[in-house]
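First the structure, in the form of structure tokens, and then the observations on it.
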Amino acid sequence: MTRLNGEQFALNPDLIERVEAHPDTVAFLVDGTKYVVRESVDEVLQEIREYRAGILATSYEMDRGEYRGVSTAEAPTELSSVVPFPSREER
């Protein structure tokens with residue numbers, strides 16, 4: 001997301017209650033916090049859809065044992081706390 005002053009920030013889409021145009025776009029969070037952003041309502045909704053689709057795609061890959069995550073060159077040295085879903089045969 002981008003504030004009106006150009007500062008970029010991340011916003012947890014699970015906390016967004018609604019997004020309105022007044023004419024500036026305002027994202028209202030479930031706790032009452034409001035963020036005025038440069039993006040249009042349609043752009044905010046598209047970003048939320050893409051974020052959630054990415055989560056579903058990753059979980060699908062994990063379920064099939066196809067999830068590779070970060071490449072080994074970029075992977076942290078410690079083990080990941082992410083555990084793949086059991087395969088259908090294991091369930």
Side-chain angles (χ1 to χ4, degrees):
M1 307 296 305
T2 310
R3 295 180 190 272
L4 295 181
N5 66 4
E7 177 186 335
Q8 291 190 332
F9 68 103
L11 184 59
N12 183 343
D14 295 328
L15 300 179
I16 297 174
E17 179 181 322
R18 68 184 187 276
V19 181
E20 299 177 1
H22 292 277
D24 292 326
T25 305
V26 181
F28 295 87
L29 304 189
V30 295
D31 68 355
T33 305
K34 300 176 197 175
Y35 289 97
V36 180
V37 297
R38 284 187 179 178
E39 291 81 5
S40 69
V41 171
D42 289 338
E43 289 170 322
V44 173
L45 295 178
Q46 181 62 32
E47 289 293 326
I48 292 170
R49 280 191 289 275
E50 289 176 11
Y51 169 78
R52 292 194 173 142
I55 291 172
L56 292 174
T58 299
S59 67
Y60 180 83
E61 290 173 355
M62 293 173 99
D63 189 42
R64 304 292 177 282
E66 301 166 358
Y67 179 71
R68 299 293 173 245
V70 180
S71 71
T72 55
E74 302 170 3
T77 54
E78 68 270 358
L79 294 175
S80 172
S81 62
V82 176
V83 179
F85 293 133
S87 67
R88 294 191 189 284
E89 295 79 32
E90 295 173 333
R91 289 184 207 157

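The model shown is predicted, which means the values in this text are computed figures rather than measured ones.
- With sequence neighbours left out, Y51 forms a ring pair (Phe, Tyr, Trp, His ring centres under 6.0 Å) with no residue at all.
- When every heavy atom of E17 is checked against every heavy atom of V30, the shortest pair comes out as OE1-CA, 3.9 Å.
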>> Does L11 form a side chain to side chain contact (heavy atoms under 4.5 Å, CB included) with L29? I'd like the steps, not just the answer.
In response: CA-CA 10 Å; L11 184 59; L29 304 189; 3.9 Å; yes
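- In this structure, T25 and S40 approach most closely via the heavy-atom pair OG1-CA, 3.5 Å.
- Separation of atoms CG (N12) and CD1 (I48) is listed at 10.0 Å; rounding is to 0.5 Å.
- Residues S59 and L56 share a closest heavy-atom pair of OG-O, 2.9 Å.
- Within the model, atoms CG of L4 and CG of D24 stand 5.0 Å from one another, a figure rounded to the nearest 0.5 Å.
- Rounding to the nearest 0.5 angstrom, the gap separating the CZ atom in R38 from the CD atom in E7 is 11.0 Å.
- Using a 4.5 Å heavy-atom threshold, the side chains of V26 and V36 count as touching.
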> Given the rule in the salt bridge (Lys or Arg N to Asp or Glu O under 4.0 Å) test, do D14 and R52 qualify, once you have shown the distances and angles that lead to the verdict?
Replying inline: CA-CA 10 Å; D14 295 328; R52 292 194 173 142; 3.1 Å; yes
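- A donor-acceptor contact closer than 3.5 angstrom links the side chains of T33 and D31.
- One hydrophobic cluster, built from ILVMFWY side chains closer than 4.5 Å, holds both Y35 and M1.
- Looking at heavy atoms from C-beta onward, V41 lies out of side-chain contact with R18 at the 4.5 angstrom threshold.
- Between E39 and E43, the shortest heavy-atom distance links the atoms CA-OE1, 3.1 Å.
- Hydrophobic clustering (ILVMFWY, side-chain heavy atoms < 4.5 Å, transitive): V19 and F9 are in one cluster.
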